[in-house]
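Just below is one structure, and these are the notes that go with it.
Naming: A, B, ... by sequence-line order, numbering from 1 per chain. What you see below is based on every heavy atom in this structure, not just the backbone, and it leaves out hydrogens, waters and symmetry mates. Given the structure is predicted, the values throughout are model-derived calculations rather than measurements.
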Amino acid sequence: MARSVGGVRGERDRIYVPYLLPALLIYTFLFIAPAAVTIWYSFTKWQGLGTTAHYNGLANYRAMLSNSVFLTAFRNTLILVVVGGAFVFALTFLTMVVMREMRGRSFVRSMLFVPCILSPIAIGTAVGFLLNPDGALNQVLSDVGLHSLTRGWLGPDLIFKCIIAAVVWISTGFYVAIMMSRVDAIPEDLYETARLAGANRLEQFRYITFPLTRDALSTGAVLWVIGAVKTFEIVIAFTGTAGNPPIQARSAAVEQYLAVTGGVSGTPELGSAAAIGVVMFLLTAVLVVALRRLLRSEAVEL
Amino acid sequence: MPRSIRGRLPRAGVWLALAATMAVGACGTKETGTKAPTHPTITYWSSWRVGEPQQKIFADGIAAYEKATGVTVNVRWLGRDYGTSVKDAGAVGKGPDIFDDTSDHISDFRSHGLVLDVGSMMDMTIPNDNVKLGSVLPTAVQKASSDAGGLGLIPFTLGSSGIWFDAATHPEWAADPPATFDDLLATAEKIKAAGGVPFAQDGSVDGYNAYWIYWLLVRHGGPGTLAALGKSPAGWDNPAVLAAAQDDERLVKAGLFEPDYMATKYPAAQNQWAQRKEAMNINGTWLNSETAPDQVSGFQAQMFQFPTVPGGSDSAEVGTEGWSINPKSPNVADDEQFLLFMMQKQYMTRISTEALNMSPRSDVPAPPMLAAAQKAILAATSVQPTDDNASNLYSGWWNDVFLPLDNQLFAGKITAEQFVSMGKSQTASYK
Amino acid sequence: MNPSTDDLAPAGTGRARAAKRRPAPAKRAIDRLDGLLSGAVKTGLWVWVAMLVVLTVWVVVTSLKTNGEVFTDPFGLPKSPQWRNYRLAWSVSGFGQAAFSSVTVVAASALLTMVIATPAAYVLARVNRRSADRVITYFAIGMGIPAQALVVPFFLMSNDLSTFMTEWVTGWWDDRISLALIYVVLSLPFTVYLLTMYFRSLPTEIEEAAAVDGAGPTRTFVEIMVPLARHGLVTALVLNIVALWNETLFVLIVVGDPQQRTLPAALLELYNTMQYTSNWGGLFAGIVILVMPMILLYLWAGRRIVQAMTQGAIK
C-alpha cells in the first residue's frame with residue numbers, strides 16, 4: 001500500500017505545475033499586481049482619468065486621520081463588523097441549539113438562506129420603501145395601537161441601526177447553513193448519550209455542538225469579517241443616490257465610492273479612494289489575524 | 001500528459017464559456033466600424049433618458065438636423081449618471097463631441113480637458129430664426145454658463161430654486177407671496193394651527209436641506225456669503241452667518257415639516273406635497289415636471305421666490321443646463337452648427353411648453369408656474385449660482401463639512417451658535 | 001482536517017462532566033428554562049421565515065399595482081393586476097436587454113472560473129509539497145482584499161484592452177467581455193480556496209486504487225475526481241453565480257453604455273429616476289425580475305449546496 005501511495009504522489013507531482021499555473025498566473029498578474037498598483041496610487045493626489053497623478057506621500061492617510069467624516073465611516077464599519085457579528089453569531093448559536101430537533105428544520109434552514117442570494121440593491125429598495133415615515137411599518141404600528149413606536153427609521157439617528165439589522169437579517173442564514181452542516185456531521189448517538197445522562201439542550205450545545213463546530217465557527221467568523229468590511233450596496237439602496245448618504249449611515253466602502261465618483265457634486269479623489277481601499281484591507285487583515293488568535297483553530301487555512 | 005489538461009471533461013465548460021462570450025460579443029458591436037467618410041458624425045452623450053420630454057424634443061431636433069445636412073448624430077441617452085462615463089471615456093480619447101453639462105459642473109469637466117470655450121458662438125446666427133445667438137441669451141445667463149475659462153456651455157434650460165405651492169389651494173400666494181422670512185414663518189404657523197402641515201421636506205437629501213441655509217445666507221449677507229464659508233474659517237465670522245443660522249434654527253424649532261422629515265425615502269416627501277398633504281416644498285425649478293405624474297387632479301404647481309430678510313439682499317439664483325463641446329472633437333465647426341440648429345426657437349419653446357422648464361432664450365416665455373422665477377431673474381440686480389457656487393468651488397468641503405453640519409442644524413441637533421463655531425473649527429481643520 | 005475520531009474526545013469528557021455536575025432540583029428549573037428558551041427560539045425562527053415569505057409576497061403583489069394603489073393601499077390586492085408594469089420594465093426600462101447581459105456575462109465568467117480553478121484546487125489539495133500550503137494562503141489573501149481596492153486598475157486595464165482589441169486584433173470590442181474577465185479574476189481566490197478545502201475532504205483511496213489500475217493523473221482527475229467532487233463544484237458554481245448576478249460596482253465602472261449593463265445596474269438606474277418617472281409598480285416589477293432567477297436557481301440547487309457543505313466543503 002505504502003508504495004502505491006508514493007506512486008500516486010509522484011504522478012501527481014508531475015501535474016502540479018501545469019494544473020496550478022493558469023490560475024496562479026491570472027491571480028498574480030490580474031489580482032495581486034493591480035492591488036499593488038492601488039497601494040502606489042494611495043500615495044498620490046489624483047482627480048481621475050485625464051488628470052495627472054501627483055505623488056504626495058502620506059498626505060491621503062494623514063488627511064483621513066483628521067477627517068471626521070472618514071473616521072465616522074471607519075467607526076461605522078467597525079461597529080458593523082463587531083456588533084453585527086455578535087448578533088449574527090448569537091442568532092446562529094441559538095438556532096444551532098434548537099434546529100437539530102426542530103420540526104420542518106430543513107425547510108426553515110433553506111428559507112433562512114434565501115436573503116443572502118438576493119441582490120442587496122433589491123432588498124434595500126423594497127425594505128427602504130417599507131421604512132418611509134408614512135410607509136408600511138409605521139402604518140402597521142399605528143393600526144395595532146403602537147403609535148408610540150413609530151419612528152423615522154431612515155433618519156440620521158436610526159438609519160445605521162436599521163442597516164445593521166438588515167445586514168444581520170440578510171447574512172445570518174448563510175452562517176446558520178455553514179454551522180448546521182457541521183452539526184449534521186456530529187454522530188447522533190453523542191446527543192443520545194448526553195440526553196440519557198440528563199443534559200439539557202444548552203448543555204448539549206455547550207459540551208457537544210460547540211466544541212465540535214469550532215473549526216466551522218472559525219471559518220465562518222473570518223468570512224463574516226471579510227464580507228462585513230465591504231458593506232456597500234445595502235447602504236446605497238437604503239439611502240438612494242439623490243443625496244450623499246448621511247454621515248451616520250456611511251461605511252468605509254461607501255466613503256470610498258464617494259471618493260471615486262466625487263459624490264453628488266464633487267471631484268473624484270482617486271488617491272484618497274485608493275488609500276481607503278488600503279485601509280480597508282489592513283482592517284480586514286488585522287481582524288482576521290486577531291480572530292484566528294482568538295479562536296485558535298488549525299482547520300482554517302487563512 | 002500535461003498537454004491534454006484542457007481535454008476531457010472541462011472541455012464542455014470551455015466551449016460553453018466561449019459560446020457565451022461570443023454571444024455577448026456578437027451583439028455588442030453595432031457601433032463599431034461606422035466610419036462615414038462623406039459626412040461627419042457627431043457623437044452626443046445626453047443626461048436624458050428615452051421617454052423624457054427633453055429627450056423627445058432633442059430627438060426631433062436631431063432628426064431634423066440629420067435630414068437637413070446629411071450629418072449623422074450618434075446619440076447615447078445615458079441618464080443622470082452620464083458624467084462619469086463622459087470623463088472616463090474622455091480620458092482615454094473616446095469621449096463624445098458634445099455632452100450635457102450644468103453650470104456647476106463646468107469647472108469639473110474643464111479640469112478633465114473636456115470643455116471648449118464657446119464664447120465665439122454668441123456672434124453666430126441661429127438658422128431659420130436668423131438672430132445672433134448672443135442676442136437671445138441674457139447676459140446673466142451667459143455669465144452663469146461661464147467659469148474662469150470662458151463660456152462653458154450653450155444653455156438649453158435655466159434653473160433656479162424657490163418655494164413651491166399649489167396655486168389651486170393657495171391662490172393668494174400666486175399674487176402676493178410671503179414677502180419676508182418672518183411672513184413665511186407666520187403663514188406656516190397659521191397652516192399648522194389649522195391642523196395642516198406647512199412644509200414637505202425630503203430630509204434624507206442633504207442638498208435639499210441645504211436650500212434653506214443657502215438662501216438664508218445669501219439673503220442675509222448677499223451672494224458670496226456661503227462660498228466664503230468654504231474658502232476660509234474667517235468667512236464664518238460674518239454676522240450674517242449667525243443671523244442666517246438663527247433663522248434656520250427658528251424654522252426647525254417651530255416644527256413646520258412633516259413628521260420624521262429627516263427619514264423620508266426620497267422622493268416620498270415631494271410626492272406627498274403633490275398629493276396636497278403639505279402646503280409648500282423648497283426645491284429646484286424642475287419640481288413640477290418631476291412630480292407631474294403624482295399631482296392630484298386640479299393641482300397647479302407654482303413657485304415663489306425665497307422671501308427676503310430685513311436689510312438683506314434680494315439676489316436671484318441662476319443656474320444653467322446645456323451642451324458643452326469637447327475640444328478634442330474632430331469637427332468642432334459641425335458641432336457648433338448642430339448646437340445653433342438646436343437653439344432654434346421652435347425647440348426652445350418646447351422646453352417651456354412640453355418639458356415645463358425655463359428656456360434660456362429671453363424671447364421664450366417661461367411656463368406659468370415659473371413666471372415668478374423668470375421675472376426675478378430678468379429683474380435681478382445681482383445673481384448667484386446654485387448653492388452660491390460653494391458646492392462647485394469647494395466640493396470636498398461641501399460634502400464632508402458643510403452638508404453634514406447643516407444636517408445637524410436642520411435636524412435640530414445643534415444650535416445656531418454651535419453651527420457657527422463648529423463650522424469655523426471644522427473648516428479650519430479640513431485638509 | 002480529519003473529523004471523527006480525534007474530535008470526539010473533548011466532547012466525551014464534556015458530556016461526562018455535564019452529567020455529574022448539578023444536583024437534581026436546580027437542574028429541573030434550568031431544564032424548564034431550557035425548554036422555554038428553545039420554544040422561544042423556534043417561534044422566532046418561524047416568525048423570521050414568515051417575514052421573508054410575507055415580504056416576498058408583498059413585493060410580488062406590489063409589482064402588479066398601479067402607482068396610486070402602491071401608496072393608498074400598500075397591503076391590499078390590486079384591483080386588476082397591472083401586467084403592463086412588467087412589460088414596461090422589460091422593454092422601456094431595458095430589463096430585457098439587461099437580463100440578456102446578466103445571463104451571458106454571469107454564465108461565461110462562472111464557467112470559465114471553474115475551468116481555471118478546479119485543476120489548481122485539485123493539485124493544491126492533493127500534492128504534498130510545502131509550497132502548496134503557501135500557495136493556498138496566497139490565494140486566501142485575495143479573499144480578504146476588498147474588490148474596491150481593484151476598481152481603479154481594473155478600469156484602466158479594461159480601457160486599454162478595449163483600445164488594443166479594437167485597433168489591433170478584432171476591430172471591435174464589447175465592455176461586457178472585459179466585465180466577464182474581471183469577474184473571473186475576482187471569483188478565482190474564493191473558488192480555488194473553497195475547492196481546495198473540498199478536494200481535501202474527499203477520500204484518497206479511490207485515487208490510489210485508480211493509480212494501481214494504471215490510470216494517469218490526468219485521467220484520474222477528469223474521470224474520477226471531477227465526478228466525485230461534483231457537489232463541491234456545483235456549490236462553488238452556484239455561489240459564484242449568485243455573487244456575480246448581484247454584483248453592481250464593476251458593471252457601473254467598466255461598462256460605459258447603460259444599454260449593455262446588467263440587471264442590478266438597471267434596477268439602480270430605474271430607482272434613481274423614480275423622481276422623474278414615479279413608476280413605482282415598474283420598480284417592484286424590476287425587483288422581481290432581478291430576484292426571481294436566483295430564487296429559482298436556489299430552488300434547484302439549494303439542497304445540493306447544503307449537501308455539499310455537509311460533506312465538508314466549508315470547514
Residue selection (most heavy-atom pairs with chain C, distance under 4.5 Å) from Ala23(A), Gly104(A), Gly277(A):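 The residue among Ala23(A), Gly104(A), Gly277(A) with the greatest pair count is Ala23(A).
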
Leading residue by heavy atom contact count with chain C [cutoff under 4.5 Å; candidates Val98(A), Leu21(A), Thr213(A)]: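 Most pairs with chain C among the choices: Val98(A).
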
Select one option (side chain, backbone, both, neither) describing which atoms of [X] are under 4.5 Å from chain A's heavy atoms.
X: Ala132(C); value: both
X: Phe154(C); value: side chain
X: Val184(C); value: neither
X: Ile182(C); value: neither
X: Leu55(C); value: side chain
X: Trp245(C); value: neither

Would the distance check show the side chain of [X] and the main-chain N or O of [Y] forming a donor-acceptor pair, the cut-off being under 3.5 Å?
X: Thr44(A); Y: Trp40(A); result: no
X: Glu208(C); Y: Ala210(C); result: no
X: Asn200(A); Y: Leu202(A); result: yes
X: Thr77(A); Y: Val229(A); result: no
X: Gln204(A); Y: Ala199(A); result: yes
X: Arg105(A); Y: Met102(A); result: yes
X: Tyr27(A); Y: Gly142(C); result: yes

Can you tell me which portion of [X] sits under 4.5 Å from chain C's heavy atoms? Options are side chain, backbone, both or neither.
X: Thr284(A); value: side chain
X: Thr172(A); value: side chain
X: Ala274(A); value: neither
X: Leu24(A); value: both
X: Ala285(A); value: neither
X: Ile186(A); value: neither
X: Val108(A); value: both
X: Ala237(A); value: backbone
X: Val225(A); value: neither
X: Arg103(A); value: backbone
X: Val183(A); value: neither
X: Tyr41(A); value: side chain

Hey, which of [options] has the most heavy atom pairs under 4.5 Å with chain A?
options: Leu45(C), Val59(C), Leu37(C), Leu290(C); value: Leu45(C)
options: Gly35(C), Pro264(C), Ser131(C); value: Ser131(C)
options: Asp34(C), Thr118(C), Val242(C); value: Asp34(C)
options: Ala121(C), Pro189(C), Gly39(C); value: Pro189(C)
options: Thr62(C), Ile287(C), Ile145(C), Thr248(C); value: Ile145(C)
options: Leu124(C), Leu181(C), Leu33(C); value: Leu124(C)

Salt-bridge contact Arg100(A)-Asp184(A) (side-chain N to carboxylate O under 4.0 Å):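 No.
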
Phe113(A) side chain reached by Val176(A) side chain, heavy atoms, under 4.5 Å: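 No; the side chains remain at least 4.5 Å from each other.
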
Enclosure of Arg195(A) CZ (heavy-atom neighbours >12, cutoff 6.0 Å):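 Enclosed: over 12 neighbouring heavy atoms sit under 6.0 Å from CZ of Arg195(A).
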
Close aromatic pair by centroid cut-off 6.0 Å: Phe139(C) and Phe190(C):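 No, the ring centres sit 6.0 Å or more apart.
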
Where Ser102(C) and Leu263(C) come nearest, the two heavy atoms and their spacing: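 So the two residues come closest at OG-N, 3.0 Å.
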
Shortest non-hydrogen contact from Cys116(A) toward Phe174(A):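 Minimum heavy-atom contact is SG-CB, 3.7 Å.
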
Mutual orientation of the aromatic rings belonging to Tyr122(C) and Tyr19(A) [parallel < 30°, tilted 30-60°, perpendicular > 60°]: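 The rings of Tyr122(C) and Tyr19(A) sit tilted, inter-plane angle from 30° to 60°.
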
Mutual orientation of the aromatic rings belonging to Phe284(C) and Phe129(A) [parallel < 30°, tilted 30-60°, perpendicular > 60°]: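 Aromatic pair Phe284(C)/Phe129(A) classed perpendicular.
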
